[in-house]
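Since the structure comes first, as structure tokens, the remarks are kept for the end.
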Protein chains: 2
Amino acid sequence: MIAGSEHKRASKKNKGSRLKRTPQRLAILQFLDGNTSHPSAEDIYRAVSKQYQSMSFATVYNTLHALTKAGVLRELTIDPERRRYDPDTSCHHHLICINCGRIVDVSGGVTVDLPSDMARDFTILGNHVEFYGRCPACQKQKNA
Amino acid sequence: MIAGSEHKRASKKNKGSRLKRTPQRLAILQFLDGNTSHPSAEDIYRAVSKQYQSMSFATVYNTLHALTKAGVLRELTIDPERRRYDPDTSCHHHLICINCGRIVDVSGGVTVDLPSDMARDFTILGNHVEFYGRCPACQKQKNA
DNA sequence: ATAAATGCAAAGCATTTGCAGTAAA
DNA sequence: TTTACTGCAAATGCTTTGCATTTAT
């Protein structure tokens with residue numbers, strides 16, 4: 001991660017923005033690696049500060065932006081209160097529990113069809129589906 | 001709108017919350033009626049204040065929350081910067097221009113399939129698809 | 001009457017920004 | 001050495017809240 005062995009360029013047009021491998025970023029990346037909880041900036045800050053006393057919010061945001069721009073992270077707009085980050089940048093969708101707010105990945109099996117004549121002259125480049133429902137834990141609850 | 005002729009109750013369980021038909025709310029509803037621009041609270045505030053000098057932001061938000069809870073409005077989480085409101089509460093999806101940010105409705109023709117065994121034990125109650133692409137106007141642009 | 005809504009100002013959060021110091025490359 | 005990053009504090013911007021007053025019912 002962060003401009004791997006093939007130094008420079010995270011993807012396409014990098015106008016002089018080669019990322020530096022700072023210990024803070026590595027700590028954030030390590031926390032995010034394989035993480036499927038869709039953490040917010042604060043979640044990340046709290047988790048990483050434990051081992052990285054001096055970590056600041058500005059650094060967390062800075063890193064999140066840099067990694068998102070580099071295509072290593074995906075910024076989710078699912079939660080209206082805050083942005084959440086997903087280290088899985090492959091095409092996938094999400095299940096959101098309307099009771100507890102938990103967000104779970106749906107990595108395959110989803111098919112979306114939008115007839116070309118329905119696109120209102122848009123050139124469609126991608127899509128994202130949010131499924132609303134109740135997670136197993138919340139289904140077992142009496143009320144709510 | 002707002003507890004029509006069949007007085008009281010906007011839908012199900014209304015614990016003593018019958019909405020009042022204030023001129024401010026009617027002005028907001030009138031602005032929203034048939035509006036497909038997915039306006040934000042500020043867009044609404046600006047538009048309605050022209051004719052309603054004394055309108056305040058608190059009232060706009062208050063009304064938006066009340067109408068959303070009453071099921072008359074739908075709050076969109078598409079835009080990470082701010083919440084947007086949609087007077088169309090029927091099941092539909094959205095096209096978002098990645099260049100200019102314009103949001104357009106897709107009211108039919110979309111089919112989404114999530115095999116039951118992929119739902120990870122969730123009880124699915126609904127879904128919303130965001131299509132990303134370029135709107136006609138932006139396709140005609142050279143750069144960007 | 002009375003329960004709810006308005007409007008103002010202050011408060012609350014998430015996120016951004018400016019900048020001087022620090023550290024990758 | 002050069003360019004980017006860190007960390008702090010201040011600033012922004014959207015949304016919420018408290019409260020006294022007004023208003024729909």
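- Listed pair B:His65 / D:dT16 meets the phosphate criterion, a side-chain N or O lying under 4.0 Å from OP1 or OP2.
- Among the atoms of the strands shown, only primed sugar atoms or phosphate atoms (P, OP1, OP2) are found under 4.0 Å from some heavy atom of B:Pro23.
- With sequence neighbours left out, A:Arg74 forms a salt bridge (Lys or Arg N to Asp or Glu O under 4.0 Å) with no residue at all.
- Close to C:dT6, at under 4.0 Å from its OP1 or OP2, lies a side-chain N or O of B:Thr22.
- At whole-Å resolution of the value, CZ in B:Phe57 and C1' in D:dC14 are 9 Å apart.
- Proximity note for A:Lys20 (side chain, C-beta onward) versus C:dA5, C:dG7, C:dA25: the nearest is C:dA25.
- Contacts classified as side-chain hydrogen bond (donor to acceptor under 3.5 Å, both in side chains) and involving residues 108-125 of chain B (residues at least two apart or in different chains) are given here: A:Gln139-B:Thr123.
- Atoms CG (A:Leu19) and P (D:dC5) sit 6 Å apart, rounded to a whole Å.
- Between B:Arg21 and C:dT6 there is no side-chain N or O to OP1 or OP2 distance below 4.0 Å.
- In this structure, A:Arg25 reaches the D:dC5 phosphate: one of its side-chain N or O atoms is under 4.0 Å from OP1 or OP2.
- Counting only heavy atoms from C-beta on, B:Glu42 has its side chain closest to D:dC14 among D:dC14, C:dG7, D:dG7.
- In terms of phosphate contacts, A:Gln24 brings no side-chain nitrogen or oxygen within less than 4.0 Å of OP1 or OP2 of C:dA24.
- Atom CZ in A:Arg18 sits roughly 11 Å away from atom P in D:dC5 (whole-Å rounding).
- Between B:Thr59 and C:dA5 there is no side-chain N or O to OP1 or OP2 distance below 4.0 Å.
- Between the CG atom in A:Asn35 and the CD atom in A:Gln30 there is a gap of 11.5 Å [rounded to 0.5 Å].
- Considering only side-chain N and O atoms, A:Arg83 lies under 4.0 angstrom from the phosphate OP1 or OP2 of C:dT16.
- Contact between the side-chain N/O atoms of A:Tyr61 and the OP1/OP2 oxygens of C:dT16 is not found at any separation under 4.0 Å.
- Per the geometry, CE belonging to B:Met55 stands 14 Å off P belonging to C:dA5, to the nearest Å.
- Considering only side-chain N and O atoms, A:Arg82 lies under 4.0 angstrom from the phosphate OP1 or OP2 of C:dA14.
- Taking atom CG of residue B:Asn62 and atom P of nucleotide C:dA9, one finds them 18 Å apart after rounding to whole Å.
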